[in-house]
Amino acid sequence: MGEMGVVTRFAPSPTGMLHLGGARTALFNWLYARHHGGSFRLRLEDTDRKRSTPEAIAAITDGLSWLGLEWDGEIVRQSERRERHVAVARGLLAAGRAYRCYCTPEELEAMRADARAAGRTALYDGRWRERDPAEAPSGIDPVIRFRAPQEGETAIDDLVQGPVRIGNGALDDMVLLRADGTPTYMLSVVVDDHDMGITHAIRGDDHLTNAFRQTQLFLALSWQPPFYAHIPLIHGADGAKLSKRHGAVAIGAYDELGILPEAMRNALLRLGWSHGDDEIIDTDQAIAWFDLDAVGRGAARFDMEKLKSLNGHYIRASADSALLAAIEPRLAVAYPLAATDEGRRRIVTLLPEAKTRAKTLVELADRLAFLVYERPLAMAPKAARLLGEEGGEARARLARLAGALRPLAAWDEEALESAVRAFAEREGVGLGKIAQPLRAALTGAEASPGIFAVMAALGREETVARVNAVAIIAAERKAEAEG
Ligand code: GLU
């Protein structure tokens with residue numbers, strides 16, 4: 001068979017979020033399909049009606065869309081395929097590969113206790129395997145169980161774990177249809193993987209034991225099982241299994257933190273997959289290189305600091321226009337000016353500098369927010385200290401500076417620098433004595449991008465207005481108070 005036939009799938013149970021582990025599973029399936037020119041399907045295992053709300057489903061589709069992992073064809077909803085699952089179970093029953101089991105809950109509980117005491121993994125003792133249904137007690141709705149092979153073993157050539165096998169005696173006869181007639185996960189997955197023509201099932205290694213049971217079922221149905229690839233679970237940077245304690249586990253939270261989808265893809269890719277010592281691997285490169293032989297068998301470690309440093313890389317590599325589009329709505333929530341032509345002009349002027357320093361879009365937006373503040377600016381305590389008291393010397397000097405700047409012929413960094421230097425000389429003070437209060441007046445903070453770049457970005461009118469807002473008004477108020 002050529003590579004053309006590869007069909008992978010991501011089969012999440014909608015629980016209200018797309019978590020990191022699920023996102024990584026989706027990415028690996030997507031990359032495998034793209035690498036082999038195959039298709040990547042999305043199947044929602046939504047048989048738990050209570051949890052599978054429209055919001056829970058949207059959390060998955062939105063998360064995949066944000067990550068740029070588009071799926072092929074229609075979304076398959078497992079809940080809509082119930083009749084087919086039931087029909088397959090009935091077929092197995094008719095063929096003698098499944099049977100009705102009339103055990104009471106008490107009997108099952110006792111079997112479970114026995115198995116626990118004996119340290120057996122097989123819980124159900126098979127008591128209805130050969131028993132005549134005529135002996136069925138009344139008032140018990142039977143479940144339908146798979147007549148699993150008891151002799152020999154089931155082997156899988158896992159594409160990540162290598163050859164793995166289990167003695168068939170370790171697996172009991174699993175339920176295919178519950179007493180209320182609903183199909184179980186184990187049955188549904190097998191039927192859906194078969195009907196969808198799935199060739200490769202790449203998923204977390206917590207499903208490895210399921211793979212043995214599913215393989216048995218495939219064989220009983222005379223169907224070809226898919227290739228399985230069970231990838232190690234994700235741990236936090238401290239080596240413990242990933243949990244809320246390690247920070248955000250839902251993919252949506254990374255969008256809010258200002259992580260770019262391409263950085264997230266790169267970070268997820270590196271969770272268990274490697275290509276030499278390469279850390280920065282963009283998506284085209286990943287598609288070209290991805291294969292399952294390079295998936296490690298040890299638990300992968302998720303490291304937020306690594307993600308941020310990758311994100312810094314992708315921010316620097318992004319076009320200014322793309323960054324503007326990403327931060328404008330974030331800024332506009334608090335500062336409507338960001339969504340105007342003037343606001344955008346200011347932001348774009350400082351973006352090339354700011355993007356070399358930000359590790360997230362939130363940091364980038366924070367760095368540029370002062371450009372779109374409304375006057376009068378709120379002053380951080382340190383900035384207020386730089387300005388000194390109202391009517392004080394620093395503010396009076398700023399008022400004179402505004403007067404000197406207003407008539408400048410050119411308003412660019414170079415012209416501004418020589419004008420401010422000349423002004424400092426006339427005033428007989430060092431440049432710092434001017435620049436520090438000026439920075440406070442223009443940004444509300446004691447640190448900012450280069451002061452001349454800030455002035456150039458704000459433009460003449462806004463620069464003079466911000467300076468006057470702290471200088472003249474303060475002086476006037478003092479004059480008023482004295483008068
Ligand atoms: N629905 C299962 C889960 O979310 C995955 C089933 C599978 O990949 O076979 O864990």
Side-chain angles (χ1 to χ4, degrees), residues 6-33 38-53 56-61 63-64 67 69 71-72 75-82 84-85 88 146 154 156 158-161 164 171 174-176 182-218 221 223-234 241-243 249-251 268 271-272 292 295:
V6 167
V7 183
T8 64
R9 64 5 177 230
F10 176 46
S13 314
T15 59
M17 66 170 179
L18 176 59
H19 55 80
L20 281 178
R24 196 249 329 229
T25 297
L27 175 70
F28 282 19
N29 278 285
W30 182 83
L31 283 172
Y32 194 78
S39 56
F40 167 66
R41 307 292 312 275
L42 175 59
R43 180 172 77 227
L44 297 171
E45 307 213 311
D46 59 347
T47 50
D48 180 342
R49 300 291 175 87
K50 263 185 258 116
R51 295 179 85 180
S52 304
T53 59
I57 290 168
I60 289 175
T61 52
L64 291 177
L67 275 170
L69 305 181
W71 54 90
D72 299 309
I75 296 177
V76 172
R77 297 193 52 162
Q78 197 159 63
S79 60
E80 289 169 4
R81 296 181 32 80
R82 183 168 152 176
R84 165 74 176 147
H85 302 148
V88 170
F146 177 51
T154 299
I156 295 172
D158 192 278
L159 297 179
V160 170
Q161 308 291 328
V164 282
L171 301 176
M174 63 184 164
V175 175
L176 301 177
T182 56
T184 58
Y185 155 74
M186 216 59 93
L187 171 67
S188 307
V189 168
V190 167
V191 176
D192 290 350
D193 279 346
H194 171 265
D195 290 1
M196 292 166 73
I198 302 302
T199 60
H200 294 73
I202 305 168
R203 58 188 181 185
D205 65 9
D206 48 337
H207 284 289
L208 185 59
T209 6
N210 291 341
F212 292 116
R213 292 183 179 280
Q214 289 163 14
T215 297
Q216 290 182 343
L217 199 46
F218 268 102
L221 288 159
W223 291 344
Q224 169 83 40
F227 289 106
Y228 288 106
H230 289 94
I231 55 184
L233 296 182
I234 301 175
K241 196 169 172 281
L242 198 68
S243 70
V249 284
I251 274 298
L268 290 172
L271 286 177
L292 292 168
V295 175

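Only this structure's heavy atoms are used, side chains among them; waters, hydrogens and symmetry mates stay out. What you see is a predicted model; the values in this text were computed from it and never measured. Just follow the structure's listing: the first ligand is 1, and inside any ligand the first atom is 1.
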Original post:
Hey, are R81 and D195 close enough for a salt bridge, meaning a charged N less than 4.0 Å from a carboxylate O?
Top reply: yes

At under 4.0 Å between heavy atoms, what of S13 touches ligand 1? The answer is both

| said: Taking distance alone, with N or O pairs closer than 3.5 Å, would you say P12 contacts ligand 1? | reply: no

Just to check, does R9 reach to within less than 4.0 Å of ligand 1 when the distance is taken from its heavy atoms? yes

Note: A23 and I251 closest approach over all heavy atoms is CB-CG1, 3.6 Å

- Item | 4.0 Å heavy-atom contact, Y185 with ligand 1 | yes

For P232 and V295 the tightest heavy-atom approach is CD-CG1, 4.2 Å

Should H207 be counted as touching ligand 1, given the test is an N or O pair under 3.5 Å?
-> yes

Heavy-atom nearest pair, G204 first then H230, reads O-CD2, 3.4 Å

On a heavy-atom basis, the closest approach of H85 and L187 is O-CD2, 3.4 Å

Atom 5 (C) of ligand 1 sits nearest the protein heavy atom A11 O, 3.3 Å

Filtering R43, M186, E45 for the heavy atom nearest atom 1 (N) of ligand 1 leaves E45

ask   = Sub-3.5 Å donor-acceptor pair from the side chain of E45 to the main-chain atoms of Y185, do we have one?
value = no

Numbered in order shown, the ligand 1 atoms found under 4.0 Å of a heavy atom of R203 are 7 (C), 8 (O), 9 (O)

